[in-house]
Amino acid sequence: MKLKALVALLSDGQVHSGESLAQELGVSRTAIWKQVKRLMDRGFEVASIRGRGYQLMSRVDLLDSAMILAHLDEELAARIDLRVCDEVDSTNAEVLRQVAEGCGSKLPISIADCQTAGRGRRGRSWQSPRGENLYLSMGLVFHGGFSVLDGLSLVFGVAVAEALEMLGVTGVGLKWPNDIFLPAGKLGGILVELQGELQEGVVRVVVGIGINVHMLKAGGVDQPWSSLASACPDTEWTRNRVAAAVIGAVADAADDFSNKGFGVFHEPWQKRDIYNNRLIQAKDGELKGVGNGIDGSGNYLLVTSDGGVVPIRAGEISLRVAP
Ligand code: BTN
């Protein structure tokens with residue numbers, strides 16, 4: 001019996017007798033009890049009410065491929081290969097497995113309930129607790145060789161920001177190159193990994209997106225952070241809805257980038273720049289200047305005290321507010 005089927009039955013928050021659950025799932029009452037214990041081990045709060053049955057007390061927000069597809073534009077839904085996983089190491093790695101196993105000409109997309117080895121930028125790990133947040137990766141192909149990819153990671157930041165705004169989130173900012181920010185702190189991050197050239201001039205890119213959705217407390221996160229639930233507590237957030245909005249926006253942005261180039265993303269990125277006009281530093285303080293947005297390739301511009309403009313290239317350099 002799949003744990004997910006039991007959660008789905010209990011997710012209405014009502015009391016269900018062991019007998020009715022056993023009947024619906026075609027197993028014994030003892031098997032139900034064992035699965036309830038497994039649910040509790042995984043952190044779900046399940047009340048066992050003597051003589052009546054079980055009641056799920058925790059919030060459940062199950063990932064469901066049919067629900068995600070239903071929220072997508074029909075044409076897009078027909079051209080994606082969507083894999084919804086219970087647990088993976090990293091959805092970026094899962095997308096590569098998806099490609100290796102063969103998804104034809106479809107766009108590979110993996111999404112997981114939790115990641116055991118979630119990866120962040122610059123070799124960091126990405127906290128990926130079960131059931132809390134969105135962990136989503138998409139495999140995209142671009143023509144024109146690696147040189148066309150300058151600025152691409154900023155494009156994905158704009159796409160995610162627009163998706164969130166479409167869902168009603170206000171105050172979404174971007175921290176160069178592509179961190180998603182709300183006034184209280186970091187809401188999400190994007191990890192872009194380039195694969196080798198598939199054939200001359202054709203490159204595969206895996207874009208991995210993590211967005212804090214329900215998380216209200218986190219251990220081991222070393223900077224101020226936010227989540228959709230904490231920033232917009234009156235909205236009933238579902239990861240399926242957020243996933244669909246992000247998938248739609250990233251697919252559109254990838255098409256626009258391929259057809260029109262980075263130029264069309266310049267202003268949408270710039271207007272969300274959280275460092276604009278602030279004194280910031282790069283290279284651990286070696287370089288200080290006032291944030292002045294991005295150039296036509298997506299490099300970040302710092303105006304130094306002597307009036308010079310220094311472009312910072314994406315990669316290993318990170319920016320932060322100067323003390
Ligand atoms: C960052 O450091 O800001 C980037 C974080 C990217 C996290 C996402 S979660 C889905 C995908 N799978 C991963 O292992 N990482 C990305």
Side-chain angles (χ1 to χ4, degrees), residues 61 63 65 68 80 82-99 107-140 152-161 163-164 172-182 184-195 204-215 218 220-228 239-240 242-247 249-251 254 269 272-275 298 300 314-320:
D61 176 18
L63 291 172
S65 57
I68 297 173
I80 68 176
L82 179 63
R83 189 175 275 193
V84 175
C85 312
D86 180 49
E87 180 178 300
V88 288
D89 47 0
S90 153
T91 51
N92 272 28
E94 187 66 21
V95 158
L96 293 181
R97 289 190 282 268
Q98 218 173 330
V99 171
L107 207 71
I109 302 182
S110 280
I111 175 165
D113 199 39
C114 77
Q115 299 184 117
T116 52
R119 306 201 287 253
R121 288 183 62 236
R122 309 174 84 226
R124 298 211 175 108
S125 62
W126 186 257
Q127 303 277 328
S128 310
R130 177 174 290 284
E132 293 286 306
N133 302 322
L134 184 70
Y135 318 114
L136 163 80
S137 298
M138 300 172 66
L140 299 162
L152 186 64
S153 71
L154 284 76
V155 166
F156 297 132
V158 170
V160 172
L164 295 169
V172 183
L174 292 170
K175 179 183 148 216
W176 186 83
N178 59 16
D179 281 353
I180 313 295
F181 263 69
L182 286 178
K186 182 161 167 170
L187 175 74
I190 300 176
L191 176 68
V192 180
E193 295 182 308
L194 302 180
Q195 297 303 302
R204 183 184 319 277
V205 167
V206 178
V207 50
I209 299 162
I211 298 176
N212 301 331
V213 179
H214 298 293
M215 200 159 77
V221 181
D222 58 356
Q223 58 174 317
W225 60 273
S226 189
S227 67
L228 294 175
R239 292 181 297 167
N240 294 324
V242 179
V246 169
I247 292 170
V250 170
W269 192 93
R272 299 182 175 91
D273 174 16
I274 65 166
Y275 281 159
Y300 198 78
E316 289 309 296
I317 295 179
S318 76
L319 300 178
R320 56 190 66 240

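Just follow the structure's listing: the first ligand is 1, and inside any ligand the first atom is 1. Heavy-atom basis, side chains included; hydrogens, waters and symmetry copies ignored.
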(request) Please examine the side chains of W126 and R119, heavy atoms only from C-beta on, and report whether any two atoms are closer than 4.5 Å. (result) no
(request) Pull out every atom of ligand 1 sitting under 4.0 Å from any heavy atom of G118, numbered as shown with elements. (result) 14 (O)
(request) Starting from atom 1 (C) of ligand 1, locate the nearest protein heavy atom and write down its residue, its atom name and how far away it is, to 0.1 Å. (result) R121 N, 3.5 Å
(message) Could you check whether any side-chain N or O of S227 sits under 3.5 Å from a backbone N or O of N212, counting only pairs where one atom can act as donor and the other as acceptor?
(response) no
(message) Is any side-chain heavy atom of N133 closer than 4.5 Å to one of I211?
(response) no
(message) Is there a polar contact, in the sense of an N or O pair closer than 3.5 Å, between W126 and ligand 1?
(response) no
(message) Show the atoms of ligand 1 that are less than 4.0 angstrom away from any heavy atom in D179.
(response) 3 (O)
(message) Under the side-chain contact (heavy atoms from CB on, under 4.5 Å) test against L136, which residue among L63, I247, V160, V207 passes?
(response) I247
(request) Please examine the side chains of Q195 and V99, heavy atoms only from C-beta on, and report whether any two atoms are closer than 4.5 Å. (result) no
(request) Would you indicate whether R97, at its atom CZ, is surrounded by more than 12 heavy atoms from other residues, nucleotides or ligands within a distance under 6.0 Å? (result) yes
(message) Could you identify the single nearest non-hydrogen protein atom to atom 8 (C) of ligand 1 and state the distance to 0.1 Å?
(response) G210 N, 3.6 Å
(request) Report, in ascending order of atom number, the atoms of ligand 1 lying under 4.0 Å from any heavy atom of N92. (result) 11 (C), 12 (N)
(message) With nothing but distance in play, are any N or O atoms of Y135 less than 3.5 Å from an N or O of ligand 1?
(response) no
(message) For atom 4 (C) of ligand 1, what is the closest protein heavy atom, and at what distance to 0.1 Å?
(response) I190 N, 3.5 Å
(request) Compare R119, E193, M138, Q115 and give the one whose heavy atom is closest to atom 12 (N) of ligand 1. (result) Q115
(message) Looking at every heavy atom in both G118 and S128, which two are closest together, and how far apart are they?
(response) CA-OG, 4.0 Å
(request) Do me a favour and list the nearest non-hydrogen protein atom to atom 11 (C) of ligand 1 with residue, atom name and distance? (result) T91 OG1, 3.3 Å
(message) Do the side chains of R130 and D86 get close enough for a salt bridge, i.e. N-O under 4.0 angstrom?
(response) yes
(request) Take every heavy atom of K186, measure it against each atom of ligand 1, and state whether any distance is under 4.0 Å. (result) yes
(request) State the atoms of ligand 1, each with its element, that fall below the 4.0 Å cut-off from a heavy-atom position in L136. (result) 10 (C)
